[in-house]
Amino acid sequence: MKVILGRYTLYICLFLILQLISRCIFIFHDSLQHQLTESVFSTFRQGFALDLAFTCYMLGLFLLYDIVFPYAWTKLRSISFFILSFLVVFLSFSDRYLFDVWSSKFNQDALHFMQHPKEAMASTGHLPVLKIFIISLAISVILYLVFKFFLGYLKLKISALPKWMGILLLAVFIGLGARQSLSVSPIGPSAAYYSKNPANNNASLNSAWNFIYQCFMPTEYVDLEKYNFFSASNHQQKAEEYYFKSDTIPFRFDHKPNVVLIVLESFNAYLSKHYGGVLDHTPFLDSLSKTGISFTNCYAGSNRTDKALACINSGYPGTPWNSILSQPEKAVKLPQLSNLFKQKGYTNTFAYGGDLSFASMETYLQAGSFDRLLDIDHFKPLSQINLSKWGTHDEVVFNAQAQETKKEPFFEEILSLSSHEPFDVPYQSTQTDEKYGPFYNSVQYTDACLKAYFTAAQSKKWFNNTIFIFVSDHGRDIGVDRENPTDSIRYKVPILMWGKPLKGKVLALDEVTSQTDLANTIALLFELDSTQKTFPFSRNLFSSRDAFFFTNGGWGFMNQNHSYLSFQNKYYMSLDSKKREGSNARMEDGAAIQYKLLNYYKNL
C-alpha cells in the first residue's frame, strides 16, 4: 500500500509541477505579467482548482494503465508522461500567442479553425514554431528524466499493484477531484474567472483543462438562464430601447447607383489618423474619407472575419463564443443585403482571393442570392505574382474587379485578405517598427492596392454611377497598448461611403455607432424592400449613439457619454447574485441585449 501511495503521490506532484510550469510560460513568456492588474500569485491561487481537475484526469489515465496494462507499466507510463508533458507545454506557448491575437485562450473559434489546416498553417506561419517546439521538447525531456529517476528511487515493482478496494478508492478520489462537485454540473471554466481583466482570468485558466473542455463542450444548446445575470424582469424592454430604429437619413438616391462594398481585413481605426488613431498607415483611405461620408467612432460587432460577414451583411453580431456561420442550418436563415439588392434588380457578385469553403462562408453566401461567388479558383489563373498562404493577393483581386465588364446596376462585395497573418505581401514600405512592422506593411500594401483599383476603375463607364462603401471586418490587438485592457480602440473600425452619386456630400460623423448598423442603413439609403423587422439587430448609422459588440467570451458596450464597459460572462457566472454589480445601469443594458441576441440565436 505504501508503494501505491508513493506512486500516486509522485503522479500528483509531477502533474501539479507541470501545471506550474505551464502557467509560468503563459505569464512570463513575452511579458504578459505587465498586463495583469492583480498579483501573479492570485492567478495560481485562483487556477488551482482547474489544475487539480486536470491532474485528476491524468491520474485516471494512469489508473487505467494499472488495470489494463499492469505488466508493462514502467515504460508505458514514462513515455505517456513525456508525451503529456510536451503537449501541455506546447499548448501553453500556443495559448500565449493566441491570447495576443484574440485576447483569449483556445476556444470554439480556434477549434473551428483547426478544421481548416491550410488556413490554420497560414495564420501561424509568422510564429517561431521551431523555437517553441525545441523549448517544449527540452522541458519535457527534463520532466521525463525526473519522472524516471523517482520511479527507480521508489523501486516500484510489478507486484505492487492496487487491489480492487484500492482501485475503487482511487477512482472515487479521482472522480471527485475531476468534477469538484456532487451536483449535476461539474467544475467549469468560470472557476478561473475572478477579475474583470481578461489577462488575469486567462492566466488562471488551465490551458490543458480548457483544451479538453473546448473539444468536448456542447455548443448546440444555450442555457439562457446562465446569461440572466441580474434576474431582470425587463430584459425585453431594455433590449428594445437599444434597438429602437429611426428611419431618418440625410439623403436618399433618386436612381439605382451601383454599390461596391469593400470589407478590409483587420483595418483597425488606430491605423488611421482620420479615424482617431495615432498611426498613418492608410493614406489613400484617409484621402477618400476627407471627401466622403465617414463614421469615425464605429465599433466592430465581433472579432473574426466569418463573424463579421454576418455583422455586415445581416446586421447580426453573433454570439460570445463561436461564429454563426459554423452552424450553416442557422446561418442560412439570416437576412442578407444581397437578397434585397437582388429583389431590386441588381446583379450580385462576391469576390475573395482565398478559399470560400473556409469557415462555411460559401454556404452562408449561397443563401444570399449572389449570381457569382469568386474565390481563389477564379483569381489564381489571373495572378502574375506568388500567392500568399491565404490565397490570391489583394492587388490581383482588386485589379480583376476593376477591369471586368459589369452589368448595371450591380452590387459587388470584395473581401480583402493580404493584411491577415502571416502578412507575407509583395510590398515593402518605409515603416521600421520592429515588432509590428509586418502587419503595418501589409495594411499599407492593401491601401496601395485600393489606390490602384480606383485609378483603374475611374476610366470605366460604371465608376461615376457607383457608391463605394468601406468597412473593416474587425479590429486587432496588434500595436494596441495591451497593458490597458480598457482601451476600446482595439474594437474600433472605419466606415466610409464615397462616390459621385453623393454629389459632393462630405460628412465626418464622430458619434458612437456600431458596425452591425450598416446593413439597415444601406437598406434605407438605397430604398431596398425592407421593414423594421428585416434586420432586427441593425439600426441607423446616422442616428445611433451607442454600440454593443461581442468579444471573446463576453461583450463590450460604448456610448457617447461614458467610457468603454467590458463584461466577461464567465467572470459573472463565477459570482453569486449578491456579488454582481447589478446597480450599474449600463451593465444591465448590455446583459439584456446579450440575452435577446442569444434567445434569437437559440430559436433561429
Test item: Y453 and I414 side chains (from C-beta on) under 4.5 Å apart, heavy atoms: yes

Heavy-atom check, side chain of Q594 versus side chain of F550, under 4.5 Å: yes

Regarding [X] and [Y], does a basic nitrogen lie under 4.0 Å from an acidic carboxylate oxygen?
X    : Y    : answer
E408 : K406 : no
E404 : R372 : yes
R304 : D473 : no
R539 : D546 : yes
E421 : R476 : yes

Distance-only side-chain donor-acceptor flag, D447 / T282, under 3.5 Å: no

Distance-only side-chain donor-acceptor flag, Q214 / K105, under 3.5 Å: no

Rounded distance [0.5 Å steps], CZ in F526 versus CG in L337: 10.0 Å

I522 side, atom CD1; L524 side, atom CG - distance, nearest 0.5 Å: 10.5 Å

Under 3.5 Å donor-acceptor, S338 side chain and G368 backbone: yes

Crowded around [X] [atom1]? As in, over 12 foreign heavy atoms under 6.0 Å?
X    : atom1 : result
K344 : NZ    : yes
F251 : CZ    : yes
K500 : NZ    : no

Over all atoms of both residues, closest heavy-atom pair of F537 and T516: O-OG1, 3.9 Å

Non-hydrogen atoms of L541 and T521 that approach each other most closely: N-OG1, 2.8 Å

Residues F549, Y299; criterion ring-ring contact (aromatic ring centres under 6.0 Å, His included); working and verdict: CA-CA 7 Å; F549 50 93; Y299 289 82; 5.7 Å; yes

